[in-house]
Structures are given as C-alpha cells and as structure tokens.
Amino acid sequence: MEAKLEWLDDPRVFRVGKLPAHSDHEIYRDKADYKAGNQADTLSLDGEWDFHYGASPRERTEQFYDPQAVATRAEFNKISVPGHIQLQGYGQIQYINTLYPWDGQQYRRPPFMDGDTQGMPGIFSDAPDNPVGEYVKVFDLPTHFENKRMHITFDGVEQAMYLWVNGYFVGYSEDSFSRAEFDITEQLHAGQNMIAVAVYKLSTAAFIEDQDMFRFSGIFRSVRLRALPEIDVTDVAIKPTVHGRNGMVDVTLQLSATTPVTGNVQIAILDHNQQSLLETKISAAEQVRLADLLVPDIALWSHQQPNLYRLQVTVTNGSGDEVAFVDYPFGFRTIAIGADNQLQLNGQRLYLNGVNRHEWSPETGRALNEADMRQDMRVIQENHINAVRTSHYPNQVPWYFMADEAGIYVMAETNLESHGTWQKMGQVEPSVNVPGSHVAWHDVVMDRAQSNYEQFKNHVSILFWSLGNESYAGDNIADMNAYFKQVDSTRLTHYEGVFHNREYDDRISDVESRMYASPADIRTYLTEQPKKPYLNCEFMHSMGNSVGDFDEYMALYDEFPAYGGGFIWDFKDQALWQDDPITGQRFLAYGGDFNERHSDYEFSGNGIVFADRQLKPAMQEVKYFYERYENK
C-alpha cells in the first residue's frame, strides 16, 4: 500500500488501514493485574519525538519515514507529544469562529458539489497554507511484547495523519477528535523500531471541522502501543434496560485471536459495594451474547444519585488460564419524551441546567491531561451545573467516565461543523453547503457518527447523541439521525440546524433545539402546539459582562412542561498564558493577541469561568438559579 498526498483533496478518502471504532474499555491480563492497576501490555509513546515542520506540502521531507535515511532527519528538532504544533514554536496561532482560516486569502470550494465530478485537485495537497508536521519516534519493543499481535492507538491527531512503521506505510486517518487505531503486527520486530507520522493541518476534513476555536494541528492526545492477549476483547456492548423495579442487561462481546477462539467467558455484575449480583459462564467465540441478565431491585442512575454497577468480563483459554479481564461501570436509567412533550429521566421531569464545554487549558490548549479534566468537573459540580454538551466534538475518554461517576448528563456531540459553507456575512446562504445531500460527503459524516457511538455507547451519562453543530441540514445529516436510531433505542437525538431547514423536521432530532432564542421566542414556540420538547443547545452567550436576566429563561421551567432547559455558551474562556515582552508579566491572551489576521478576537472569551478556572461574576447568577432546579 502506498500513501497518496491527494487523499487530502478527496472527502471520500478519510480512513485507510484504520481499524473499526469500538468501545473505550481497558483490558488487563487478569483480575490481579486489574486490582493492582498494572497494564503491562500497554506502552505509552507519549513524550519527546523528533520533529520537522514544513510550511506547506512542498516543504515535506522526502523519505523521512525510512529508518535507513538518517541524513534526511539530521535537521529534525524535538517536540512534545501530546501537544499542539503551534504552541511549541511552529506556525501561526489563530482563533477563528465561523469563517475558515483561509477565507480572504485562498479561494477554496468544497469538492464534488453541483455536478463537479473532477474534485479540486491540489486544493490542499499543493497548497501554500497547509503546514505539515513530521514526527519520528524510535523505541525498543519490550521483550514480552514479542510474537504478539500489536496495535497502535492515537487518541487525537489534528487533522490528517499518515502513519509508517519501520518504513512501511500503515494507514491514513482524518477526524481529529476520534481515536485512530492500527494493526502494526506485521511491521514491528524485536529490538529497535521506528514510528513516523506526517500530520497535515488541512484536508477536506477542514470543511467539516469549522468549530469556534483556535485552529491547531499535531498529535495533541496520547499515543500508545498495546500487545494483544491470546484472546482479545475487541468490543464490549452493554445495554441495560429498566423493567419496573428490576433491570435487564444484554451484553455483546467481540473476541479475536490468531487461531479460532476457544475457552470460556465469565460474566459478573457487581453492585456499588463490589458485591456480586450474578455470575454466568459461556463458551468463548468470535461473538458472545448474553441476553436478559436479571438484576433485581435496581438503583437508578441520576444526577442526584449516580448509582453505578460494574460489568466484569474474564476470558480464559482452552487450558483454563486467564488471558483477558475487563471491568466497566454502567448504570440503569431511562430517557424519554412523556406527555406534553416533557423530557423525562426515570419517569420524572428532566431539567437540563447545562454548559457547553470546549476542552481547554491556558497552558496546553486542547491537549488536556486528567488533572485538567478533574478540575473542570470540580467547578461544574460546585456550581450546580448538571449537564454538559461536548461542544463540538468527542472529548477525551476519561471525561465520560467522570460524568458517569459525578451524575453529569452528557450530550455527546459528533465531530461535525461546516459553519463557513452555509453562513456568509451572518446570513443563511446554503448554496454551497456540506455535507448537505451530497453523495461524496455522505460516508465521511456517517463514519464520524459511528465513531462517536461505538466508542462511548456504554456510558450511562450520555442522554443525547448530537449529530454535530451548525452544519445546516440535508439527507446526510438525516441519515446520521437514522443511524443513531437504528443502533440505540435508549437515547434521544439532537441537532439544531434543522431550525434553518424545516423540510427535515420529521427526520432530524427528537427535540426542538435553537441557539440564542429570546424567552419571548421560546414562549411563542411552546404555546403554538409544539411538536417536540424545547431546549437551548446554546443560550446566555456569556461574553463580557453578561448572563443578566437569566431568571427569564429559568421561569420558563415553571410555565411550560415541554421546556427542557439548555446549555450556556460556554463554560470556559479560550485564552492562552503569554509573557508580556515589556513588563515580563504573564497574561491571558485571546484571539487577535497573536498577530493573526483574520481573527474573531474576543469571541474566544465566552466562559462563565476564565481560562484558568477563576470564576467570573456571571457564575453567581448561574449558580443561584441552577441550584434552585438541581434537585427537582
């Protein structure tokens, strides 16, 4: 297989050699390793990598991925992984909201629109404004990894990545915020190995990753190598359902091995005290399904009482030896639309007192660590916020487990926003709109929906699958909605953009969702025989001295059963610590402070907390009203 630079220009090519998405479970060799927190079969590749920066594809280093081409890498420097290229001394830091980074500088039109069958050759592969970062990591393969199947996983790479191992091309991936996993068994060998990654800042993915954020590139989430056990648990699907006071659980496992799968699988369900509620055993196979496992007298999961159970999977081989162990928390709850279009959790009215949350650190941008996430969660809990929309992409895996534990309701958003293709100069003008109903853009957005679902499907905290943000509407987004409905009957779907194209009202979104509607507008909708519950996916735009008159929105709870609340825009300012060259003092820099043009300036500062998590005065208002409705 040969890497092709023209893939950057083609929306139909977005994954090559990439393994299918699967659940975010961790695998241990046995129960003893799990209890000790010992993942001996995982090797982190985070840390220092060799690195070269090219301002455009023409400045890429030929054959840099060849282990024998030592001279080609003589000028390489060092870079930290995970981390953004632009925050480590390379390229331009730029903040943009609805426009594309190239608008006003480079003319680009999405390929395969309006009868275009040729595409746009060279639109990114031969572009002067498409920088490439070339990464190289040399490491010794642990001896106990030898002769095992090997996978490498990238938790997040922005935006298009090519992967080589020991000079052999392995694969290509887009979708900056979903995991990219590759089987590299055939390319690795005992002793020293070399991994090479080329990361391009722009590809056709840029048309559908037009989120309101700083535009970075690079390997910004963790990378690791995993030696697969003799029998691997490839996927875990847990489907708990509520039946009166009891719960039923369906469990489906995908197993893999180099030879036909033999042995046994033991399933146990534990309560919050680690007491076993049931145990059962079944013969191992490529797919193992256990249906209707009864859990009596269940404790439901909610914000007020985030009750969690645990599924434990023990795989033994034909000799009876433990070879794989999985422990996964799950919960029982229902989410439905009741009478009067009321959103209901566990049969009771649901109040969404939420925020939109970009992943953000003033030191490292979107390259967060677990401590950053726990600090965000602490602020959220202390201020009576009960819901988070993952605006506008899948977050790092630990965040969803934290939400399960904390009882935070999650709207899990798919990585899709094409704002700049349909909104021009503030007006709706969708003549060139992706994904729309264009065939060439269908599979890429469906793949993003599938990645979102497959990775996070087991998290009880997720109440809504969100199809993306501000991408107008069309057949492709309707197909995303149909996909989520097909694979998951236990959650609702959300999408705001149908508001701009009512033709799709009956095919997209279980809720009426709008941005920044006034209380008067919401009241009008809710008094005119509404078809759906109403929620604000973005409201109370928290910019400057804002969030006044919050009481007018909260009063709608008492007036309309179909009002579900919403998510404030947004939780935290996007700003970066910088040193003032004159005073030497450190300050938080916003859009426009990096000599970037064009920029949307202070629109990166819409949080109810500053970038360093200091509370703004607006939080007083939020905390007061959210506390009033927290335990209803």
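Just the heavy atoms: all of them, side chains too, but no hydrogens, waters or symmetry mates, feed the values below. Everything numeric in this text was worked out from a predicted model, so none of it was measured.
Looking at Thr493 and Asn481, their side chains do bring a donor and an acceptor atom within 3.5 Å of each other. Counted by atom type alone, His151 and Thr153 present zero donor-acceptor pairs between their side chains at under 3.5 Å. When only modelled atom types and interatomic distance are considered, Arg389 and Asn356 share a side-chain donor-acceptor pair under 3.5 Å. A side-chain N or O of Asn395 and one of Arg357 form a donor-acceptor pair less than 3.5 Å apart. For the residue pair Tyr400 / Asn458, no side-chain donor-acceptor distance below 3.5 Å is found, with atom types taken as modelled. One side chain, Thr414 or Asn452, offers a donor N or O that lies under 3.5 Å from an acceptor on the other. Checked by atom type, the side-chain pair Glu174/Gln159 shows no donor-acceptor distance below 3.5 Å. Looking only at atom types and distance, the side chain of Tyr351 has no donor-acceptor partner in the side chain of His303 under 3.5 Å away. Side-chain N/O atoms of His459 and Asp24 include a donor and acceptor closer than 3.5 Å. Under 3.5 Å, the side chains of Gln423 and His500 contain no donor-acceptor pair of N or O atoms.
Residue pairs meeting the salt bridge (charged side-chain N to carboxylate O under 4.0 Å, His left out) criterion with at least one partner in residues 460-489, sequence neighbours excluded, are Asp475-Arg507, Lys485-Asp510, Asp488-Arg491.
Remark: Asp10 does not engage Lys4 in a salt bridge, criterion side-chain N to carboxylate O under 4.0 Å.
Using cut-offs of 30° and 60° on the angle between ring planes, the pair Trp360 and Phe216 is parallel. Aromatic ring orientation, Tyr200 versus Tyr162: perpendicular (interplanar angle above 60°, classes split at 30° and 60°). Between Phe182 and Phe154, the ring planes lie perpendicular to each other; the angle is over 60°, past the 30° to 60° tilted range. Under the 30°/60° scheme for interplanar angles, the aromatic rings of Tyr472 and Trp422 are found to be tilted.
Residues satisfying the side chain to side chain donor-acceptor pair (under 3.5 Å) test with Ser509, not counting sequence neighbours, are none. With sequence neighbours excluded, no residue forms a salt bridge (charged side-chain N to carboxylate O under 4.0 Å, His left out) with Arg149. Residues satisfying the salt bridge (charged side-chain N to carboxylate O under 4.0 Å, His left out) criterion with Asp250, sequence neighbours excluded, are Arg289. Residues that satisfy the side chain to side chain donor-acceptor pair (under 3.5 Å) test with Asp327, not counting sequence neighbours, are Tyr34, Arg310, Gln312.
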Start with the C-alpha distance between Gln211 and His392, add both sets of side-chain angles, then the distance that settles side-chain hydrogen bond (donor to acceptor under 3.5 Å, both in side chains), and finish with yes or no.
CA-CA 7 Å; Gln211 288 96 337; His392 299 294; over 6 Å; no

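Here the OG-OH distance, from Ser513 to Tyr534, works out to 7.5 Å after rounding to the nearest 0.5 Å.
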Counting only pairs under 3.5 Å, give me each side-chain donor-acceptor contact of residues 276-285, with atom names and distances, residues two or more places apart or in other chains.
| unit_1 | atom_1 | unit_2 | atom_2 | d |
| --- | --- | --- | --- | --- |
| Ser276 | OG | Glu279 | OE2 | 3.4 |

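With hydrogens and angles disregarded, a donor-acceptor distance shorter than 3.5 Å links the side chain of Asn246 to the backbone of Asp297.
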